[in-house]
**Student:** 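Got a structure here, written out as structure tokens. Questions coming.
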Protein chains: 2
Amino acid sequence: MDSESEIEEAVELLKQMGLKEYEARCFVALTRLSGGTAKEVSEVSDVPRTRVYDAVRVLETEGLVEVQHSNPRVFRAISVGEAVDTLLDRFELKTEKLGETLRGLGSATPDEDAEVRHEVWTLADGRAIANRTYRLIDDADREVALVVDSEAFKDGKLVESLSSALDRGVEVFVGTAEEDLRDDIRENLPEAEVFVSHVEALTDPSNFPEDDTRITRMVLIDGETFLVSSFRDTGGGGSDEHAVFGKGFNNGLVALMRRLVSDSLQTGSDD
Amino acid sequence: MDSESEIEEAVELLKQMGLKEYEARCFVALTRLSGGTAKEVSEVSDVPRTRVYDAVRVLETEGLVEVQHSNPRVFRAISVGEAVDTLLDRFELKTEKLGETLRGLGSATPDEDAEVRHEVWTLADGRAIANRTYRLIDDADREVALVVDSEAFKDGKLVESLSSALDRGVEVFVGTAEEDLRDDIRENLPEAEVFVSHVEALTDPSNFPEDDTRITRMVLIDGETFLVSSFRDTGGGGSDEHAVFGKGFNNGLVALMRRLVSDSLQTGSDD
DNA sequence: ATCTGTTGTGATTAAACGGGTTACACGGAT
DNA sequence: ATCCGTGTAACCCGTTTAATCACAACAGAT
């Protein structure tokens with residue numbers, strides 16, 4: 001029975017969602033059992049029996065477990081579907097409230113010059129980078145140039161952002177090194193220009209076999225904001241995605257990106 | 001000002017979403033500030049300044065904060081909208097996985113993270129940039145690839161650094177877009193390889209007449225450190241020179257530079 | 001150059017928390 | 001009564017986290 005590791009994963013996830021170890025273990029045990037007493041739960045979960053009561057009490061107040069007040073007490077977990085929904089709902093509420101609260105805070109900015117001529121920022125975490133990409137595209141005024149690998153293009157939201165940009169009248173150029181991905185793009189974004197030339201060759205891993213850092217995205221917005229994200233598969237499951245993100249017309253890197261892209265469009269245009 | 005309790009609430013929510021106290025306080029502070037240094041964050045958040053760095057580092061890896069690697073460092077929170085989206089996305093992923101795991105009893109799971117840090121710095125002021133360039137070249141172990149315009153090459157110290165690198169046995173590649181400068185280089189650095197191909201075309205202003213930002217230097221050291229400097233002639237006598245400078249093998253920009261240069265050397269080699 | 005205040009890192013201390021154990025009181029069954 | 005399973009509560013101890021301190025690197029001023 002290899003369910004050991006599965007159990008651990010579930011416990012880990014539950015802990016990340018705010019449960020304590022005992023609570024998580026008890027909950028997992030209770031979903032495996034159809035229901036059970038403290039003793040049974042203890043045996044299945046390896047939580048000391050005397051602590052099952054505390055753990056379950058918490059789970060009860062969180063609405064994840066039902067209690068039958070008999071003697072001995074019998075506990076039962078709500079269904080997995082319900083549990084997932086409940087957790088998600090609760091979290092959504094929290095994020096909403098957080099959003100409101102944060103927005104409502106007066107800006108404590110001491111005093112600043114708003115004008116930023118030259119900035120380069122780094123950003124980690126794949127999701128955050130993806131979100132930033134959408135937002136950049138959403139804020140584009142005139143032009144979006146984008147080079148992606150298949151991984152990055154799979155994301156539905158990206159296509160969505162791009163087509164809404166097209167609807168706004170923004171010019172969209174998309175490049176990729178992957179043959180079949182180009183057809184995908186043409187199909188999903190008929191109005192966008194698909195191009196191919198040296199820029200996206202830079203993102204093709206097969207051109208650089210000894211280099212284990214993949215370039216997953218290159219974006220240039222209105223010729224004055226860029227984002228380059230890269231990805232490296234670190235041995236263990238740890239994904240290591242980073243982005244560098246810069247803006248300002250006089251930023252050298254922005255200029256560089258501008259030239260790379262303009263080069264590419266001149267030379268390669270449509271394929 | 002009753003924002004006190006509001007702040008408390010936001011912090012509390014963030015903690016419930018998995019952040020530590022310091023992390024939460026720093027994040028809230030950063031959303032109130034448009035951006036700030038460790039000192040400013042410390043003042044607003046009441047987190048000891050020396051601990052702000054750690055907290056922000058975590059926030060960065062979670063994708064909630066962007067870091068500008070200048071000196072002093074400047075931190076900036078991603079927008080509230082992005083933050084909420086990111087947190088929600090992440091949580092959704094977890095619930096999905098949890099649902100699967102709990103329902104089925106199938107596959108295994110490893111665990112994570114080996115960590116490699118990347119950095120990107122910005123640097124202003126021509127002299128500081130020049131000095132940094134020398135230092136980078138002086139520290140090179142194997143290889144220096146350099147693209148310059150005439151302005152930057154005039155500097156005697158640059159030639160000095162380069163020849164001492166050559167003496168150390170470091171391979172030196174120099175590219176430039178300017179015809180007569182190439183002869184200069186061959187004369188002064190007979191041992192260096194002078195090349196010409198697309199990379200330095202990017203620095204040729206005549207290729208980009210509408211773009212008033214000149215790229216004055218591009219340096220790549222040992223394939224893992226780069227520097228790009230640019231220059232813009234601001235109307236009033238103010239010279240406006242900036243550089244972006246990054247290192248770390250897993251840094252996407254470094255990878256990009258690496259590829260640009262390797263491309264160039266393959267295609268163009270010596271003229 | 002030297003001096004001075006600031007910035008970033010690392011080590012260290014102290015308190016809080018959570019996991020694990022033990023003591024014990026209660027109630028029903030024998 | 002005694003015995004056993006149940007439920008409560010107190011405690012111990014290792015880990016984590018908040019908080020402080022010492023210090024090297026650096027920038028800017030003199």
Side-chain angles (χ1 to χ4, degrees), chain A residues 7-8 11-12 14-29 35-62 65 67-75 110 122, chain B residues 8 11-12 14-30 35-62 65 67-75 115 117-132 135 139 243 245 247:
Chain A
I7 292 174
E8 269 191 37
V11 168
E12 181 53 32
L14 285 166
K15 273 167 62 178
Q16 286 175 23
M17 301 188 203
L19 300 196
K20 313 291 181 207
E21 171 108 22
Y22 283 174
E23 293 158 21
R25 296 231 296 267
C26 285
F27 182 78
V28 173
T37 66
K39 187 180 184 187
E40 293 168 317
V41 170
S42 167
E43 280 158 5
V44 174
S45 66
D46 264 313
V47 172
R49 184 188 57 82
T50 62
R51 299 302 296 280
V52 170
Y53 302 100
D54 311 74
V56 164
R57 190 169 300 132
V58 175
L59 290 172
E60 190 198 358
T61 71
E62 306 226 335
V65 163
V67 180
Q68 204 174 29
H69 284 270
S70 51
N71 201 323
R73 291 180 202 175
V74 179
F75 310 116
T122 64
Chain B
E8 274 304 308
V11 169
E12 181 51 35
L14 285 166
K15 274 167 61 178
Q16 286 175 23
M17 299 188 200
L19 300 196
K20 314 289 179 210
E21 172 106 22
Y22 281 175
E23 294 158 21
R25 294 231 297 268
C26 285
F27 181 78
V28 172
L30 279 171
T37 66
K39 187 180 183 188
E40 293 168 320
V41 171
S42 167
E43 279 159 5
V44 175
S45 66
D46 264 314
V47 172
R49 183 188 60 79
T50 59
R51 301 285 91 216
V52 169
Y53 301 101
D54 308 73
V56 163
R57 190 169 300 135
V58 175
L59 291 172
E60 190 202 357
T61 71
E62 307 225 333
V65 162
V67 179
Q68 189 169 14
H69 288 271
S70 49
N71 202 317
R73 285 180 205 175
V74 179
F75 309 116
E115 198 173 356
R117 222 133 240 305
H118 62 164
E119 12 174 353
V120 179
W121 300 75
T122 64
L123 198 55
D125 182 280
R127 280 251 55 83
I129 295 171
N131 282 328
R132 169 58 50 89
R135 167 169 295 219
D139 289 348
F245 150 69
K247 67 179 166 191

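In what follows, every chain begins at residue 1, and chains take the letters A, B, ... in the order their sequences are listed. Both backbone and side-chain heavy atoms feed into the values below; hydrogens, waters and symmetry mates do not.
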**Student:** Whole angstrom is fine here: how far is it from NZ in B:K39 over to C1' in C:dT7?
**Tutor:**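 These atoms are roughly 10 Å apart.
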**Student:** Check whether any side-chain N or O of B:E40 sits under 3.5 Å from a backbone N or O of B:T37 as a donor-acceptor pair, and report yes or no.
**Tutor:**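 Side chain of B:E40 to backbone of B:T37: a pair is present.
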**Student:** By nearest heavy atom, map A:R51 and A:F75 onto DNA chain D; which one lands nearer the 5' end?
**Tutor:**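 Its nucleotide being nearer the 5' end, the pick is A:F75.
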**Student:** Once salt bridge (charged side-chain N to carboxylate O under 4.0 Å, His left out) is applied, what residue pairs with a partner in residues 51-61 of chain A remain, sequence neighbours excluded?
**Tutor:**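 Those involving residues 51-61 of chain A are A:R51-A:D54.
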**Student:** Could you state the CZ-C1' distance from A:R25 to C:dG19, rounded to the nearest angstrom?
**Tutor:**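 About 9 Å, once rounded to whole Å.
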**Student:** Which of the following nucleotides, C:dT7, C:dG20, C:dG10, is nearest to the side chain of B:N71?
**Tutor:**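 Side chain of B:N71 sits closest to C:dT7.
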**Student:** For C:dT9, take OP1 and OP2 only and decide whether either is under 4.0 Å from a side-chain N or O of B:R73.
**Tutor:**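 For C:dT9, OP1/OP2 do have a side-chain N/O of B:R73 under 4.0 Å.
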**Student:** Between P on D:dG5 and CD on A:E43, what's the gap in Å once rounded to a whole number?
**Tutor:**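 About 11 Å, once rounded to whole Å.
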**Student:** Under 4.0 Å from OP1 or OP2 of D:dT8: is there any side-chain N or O of A:Y53 that close?
**Tutor:**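 For D:dT8, OP1/OP2 do not have a side-chain N/O of A:Y53 under 4.0 Å.
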**Student:** Can you check the B:D54 CG to C:dT7 P distance for me, whole Å?
**Tutor:**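 Distance, rounded to whole Å: 16 Å.
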**Student:** With no hydrogens and no angle check, is any side-chain donor or acceptor of A:R49 less than 3.5 Å from a backbone partner on A:S42?
**Tutor:**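 Side chain of A:R49 to backbone of A:S42: no pair is present.
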**Student:** Can you find a donor-acceptor N/O pair under 3.5 angstrom joining the side chain of A:T50 to the base of C:dT22?
**Tutor:**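 Counting by modelled atom types and ignoring angles, a donor-acceptor contact under 3.5 Å is found here.
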**Student:** Locate the shortest heavy-atom distance separating A:R25 from A:D46; write the atom from each residue and the value.
**Tutor:**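 Nearest pair, atom of A:R25 first, then A:D46: NH2-O, 2.9 Å.
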**Student:** Quickly work out the B:L19 CG to D:dT17 P distance and round it to whole Å.
**Tutor:**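 Taking atom P of D:dT17 as the reference, CG of B:L19 is at 12 Å.
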**Student:** Of all the nucleotides listed (D:dG7, D:dA18, C:dT7), which has the minimum atom distance to the side chain of B:K20?
**Tutor:**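 Nearest to the side-chain atoms of B:K20, counting from C-beta on, is D:dA18.
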**Student:** Rounded to whole angstrom units, what separation is found between the CZ atom of B:R57 and the C1' atom of C:dG8?
**Tutor:**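 B:R57 atom CZ is separated from C:dG8 atom C1' by 9 Å.
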**Student:** If I compare all heavy atoms of A:F75 with all of A:A38, which pair ends up nearest, and what's the gap?
**Tutor:**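 In terms of heavy atoms, the two residues are closest at CE1-N, 3.8 Å.
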**Student:** Within the pair B:Y22 and D:dA19, is there a side-chain N or O less than 4.0 Å away from OP1 or OP2?
**Tutor:**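 The answer is yes; a side-chain N or O of B:Y22 sits under 4.0 Å from OP1 or OP2.
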**Student:** Determine the contact category for A:P48: base if any of its heavy atoms lies under 4.0 Å from a base atom, sugar-phosphate if only primed atoms, P, OP1 or OP2 are that close, otherwise nothing.
**Tutor:**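 Base contact - A:P48 has a heavy atom under 4.0 Å of at least one base atom.
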**Student:** Taking the side chain of B:E21 as its heavy atoms from C-beta onward, which of C:dT9, D:dA9, D:dA18 lies nearest to it?
**Tutor:**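 Per side-chain heavy atoms of B:E21, the pick is D:dA18.
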**Student:** Find the distance B:E40:CD to C:dT6:P and express it as a whole number of Å.
**Tutor:**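 The answer, rounded to whole Å, is 13 Å.
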**Student:** Without decimals, in angstroms, what is the distance between B:E60 CD and C:dG8 P?
**Tutor:**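 Checked: the CD to P distance equals 13 Å.
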